[in-house]
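What follows is a set of notes on a single structure, which appears directly below.
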There are 2 protein chains.
Amino acid sequence: MATIQDVARDAGVSTATVSRVFSAPELVLEPTRLKVMESVTRLGYEPNFAAKSLRTLRTEKILVTVPDISNPFFSQVIRGVEEAALAAGYSVLLGDTRHEEAREEQYAAMFRRKEADGLIFLGHRLPDVLAEMVAAKGARTPIVNGCEFRPGLAVSSAHIDNEGAAAEVVEYLYGLGHTRVGVVTGPLASPISSDRLAGVLSAAQRHGRTSALRIAVGDFSIESGVRQAGELLDEPGRPTAIFCFSDEMAMGALEAIRQRGLRCPDDVSLVGFDDIRFAQYLEPKLTTVSQPMEQIGHEVVRLLLDILADRASALQNVTLPHRLVVRASTGPPPV
Amino acid sequence: MATIQDVARDAGVSTATVSRVFSAPELVLEPTRLKVMESVTRLGYEPNFAAKSLRTLRTEKILVTVPDISNPFFSQVIRGVEEAALAAGYSVLLGDTRHEEAREEQYAAMFRRKEADGLIFLGHRLPDVLAEMVAAKGARTPIVNGCEFRPGLAVSSAHIDNEGAAAEVVEYLYGLGHTRVGVVTGPLASPISSDRLAGVLSAAQRHGRTSALRIAVGDFSIESGVRQAGELLDEPGRPTAIFCFSDEMAMGALEAIRQRGLRCPDDVSLVGFDDIRFAQYLEPKLTTVSQPMEQIGHEVVRLLLDILADRASALQNVTLPHRLVVRASTGPPPV
DNA sequence: GTTATCGATGATTTCGATTACATCGGAGCG
DNA sequence: CGCTCCGATGTAATCGAAATCATCGATAAC
């Protein structure tokens, strides 16, 4: 592959001029520019990325870590990230952490090695080395959190009002006449789960129905939905409505409901969370909380670009709008 | 951030020794190594990636382009790619092309700029600039194709026997007694679709039932499944079985079946393709062709690593095993 | 005892671009 | 007419690590 020297020699100019043709064309005379461009195309020159990066200390890459790329919720967020990043001239380095701390740290090391200009993490944990960076550089650290919001982390973030959304769901179920509500949460270590649970509890409290709540802890997977919803259904005083903290778990719950010969929503109402593309094609179509997944992706990139461009002075924790989408999986409780 | 010079000074050795501690520790005496390592940890040194990359001409990155990351089939393949790449010390640069040629070319340029050591593309198109590289360097070009197989492209690939699998499905349906079979394909420009269609046609021919076939062209999306399957169902002489070339389209077909008050499999049998995680949680559970998605990801990385390590002399087109998974969405035709 | 050999380490060049600074010729001004 | 200034371009330092080649002391061989 031709280098900038080859082009300079071929065009009879200095390397500085060739460089300027790319990075500041207004500084070079049109005839010179054309001469250079001709050599560029003839030799098939492309600036070497590593050399440029070494000199400028910029990689034009964003590292995105995600707990599970095969989860449609995350892959949709990633899609938004990718789109916004590309539009701003950045490309996306993907890290699937598989919920494992070891991998999170592996990617943290990549970031420290300056393999990316910024980091977007969609999980809830921030490896220690990165927490140190944040502690040292504060709001100027190019690290942003997506989907989750944990105040202690001291990084900017974009997410929905998880607590409010969950409360809304419970209010909605109470409004339909349900009293015994089962909840399948995600791992409680993540704010995404604990915030939603807080919303559930506060709604239950408002209605004095805390004791009629049944809580089961899942892990956002379909299988845990089958299992945990199944346990709720098998308890005496079966809930007439189940609220799962992800659509995937709701798919599992639907399976558990069917396995027991029950019908949804006639015997058990079901609510999911996320509104992944498949939610509206389930049978029955799933009532769920819609999250603006691509928008979260866009927003999180915007926050990061602000930091990278030194436009961000303070932390920003952006709350994006959610929406309860009522479909066919919910109805009044059986009489 | 500390540089190699800082460490060398701090440890009282030359930069060469520090470098060796990382890249060839067996060449340096244990006491020296420990002394260096101590400085490394004290200063929090991490080798600068761009500098290393410039010198070695390697990026330890694999660029993966995919037509749609939010498609569970692709995200599962990506998962396999990511895993295998990480295990080999590579990280993954993700490119979502959204089926758009412009984006494919944008990523092709990245590859030419040497932002990645190798390219895995999961679509069916190879941008011209890359085709030129392949033409020039032959089987040593670090470009590999996943999921699809187009002989003309002259790159190694990993995929299933799409033609055989599709033929198998049709044979299975004929075996159940179906005679009028509808097929919803993907875009015929991609071998993934045309190969499967070829399989369908050859099976139909063997049974002399070509004229009873109904073909509709979809685009792999749920919505196109609803639409195209709907059209097949509305034609006179409604098919008693529908074969969709993706599970997502089968989900759409299921919706179309329900919209018409028909039941699956009693009135219409349904077969999908891919066996995405959700297939077995649909109602009815979907009969489909299982593709080893993560394995395709692993294999494609292996092929690429072979090329990068200069172990690959000839093109390899690896066919991985598929499996027809019979579930509840298929049965004998109505009497 | 001299020399070839080898293992450990250091000095220096190199990778390919960016960029601060230098240069040079011509326009503008008094 | 001479000086300043400016626009266009060139020169050369620089980014941080890797790798080649040089060095030096010690050991082994004869």
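Chain naming here is simple, since letters A, B, ... match the order of the sequence lines and numbering starts at 1 in each.
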Return all side-chain donor-acceptor pairs below 3.5 angstrom for residues 83-93 of chain B, not counting sequence neighbours, or 'none' if the list is empty.
unit_1	atom_1	unit_2	atom_2	d
B/Glu83	OE1	B/His298	NE2	2.9
B/Glu83	OE2	A/Arg98	NH1	3.0
B/Tyr90	OH	B/Arg58	NH2	2.9

Whole-Å gap separating [atom2] ([N]) and [atom1] ([X]):
X	N	atom1	atom2	result
B/Phe49	D/dA18	CZ	P	12 Å
A/Leu27	C/dC21	CG	P	16 Å
A/Arg9	D/dG10	CZ	P	14 Å
B/Leu29	D/dA26	CG	P	13 Å
A/Arg113	D/dA17	CZ	C1'	14 Å

Angle by which the axis turns from one end of the helix from C/dG1-D/dC30 to C/dG30-D/dC1 to the other, five pairs per end, to 10 degrees: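 For the helix from C/dG1-D/dC30 to C/dG30-D/dC1, the axes at opposite ends meet at about 50°.
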Side chain proximity check, [X] to [Y], heavy atoms < 4.5 angstrom:
X	Y	result
A/Leu126	A/Phe121	yes
B/Glu104	B/Thr65	no
A/Pro47	A/Phe49	no
A/Cys147	A/Phe73	yes

Please tabulate the protein-to-nucleotide N/O contacts below 3.5 Å involving nucleotides 13-19 of chain C, giving atom names and distances.
unit_1	atom_1	unit_2	atom_2	d
C/dT14	O2	B/Arg55	NH1	2.9
C/dG16	N2	A/Ala51	O	3.4
C/dA17	OP1	A/Tyr45	OH	3.1
C/dA17	OP1	A/Asn48	N	2.9
C/dA17	OP2	A/Ile4	N	2.2
C/dA17	O5'	A/Tyr45	OH	3.2
C/dT18	OP2	A/Ser19	OG	2.6
C/dT18	O2	A/Arg55	NH1	2.2

Assess the pair A/Phe220 and A/Phe74: is the distance between their ring centroids shorter than 6.0 Å?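 Judged by ring-centre distance (under 6.0 Å), A/Phe220 and A/Phe74 do not meet the cut-off.
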Just checking B/Lys52: does its NZ atom have more than 12 heavy atoms from other residues, nucleotides or ligands closer to it than 6.0 angstrom?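 Atom NZ in B/Lys52 is not packed in, count stays at 12 or less.
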With distance as the sole test, does A/Asp219 use its side chain to make a donor-acceptor pair with the main-chain N or O of A/Pro187 at under 3.5 Å?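 No, because the side chain of A/Asp219 does not come within donor-acceptor range (under 3.5 Å) of the backbone of A/Pro187.
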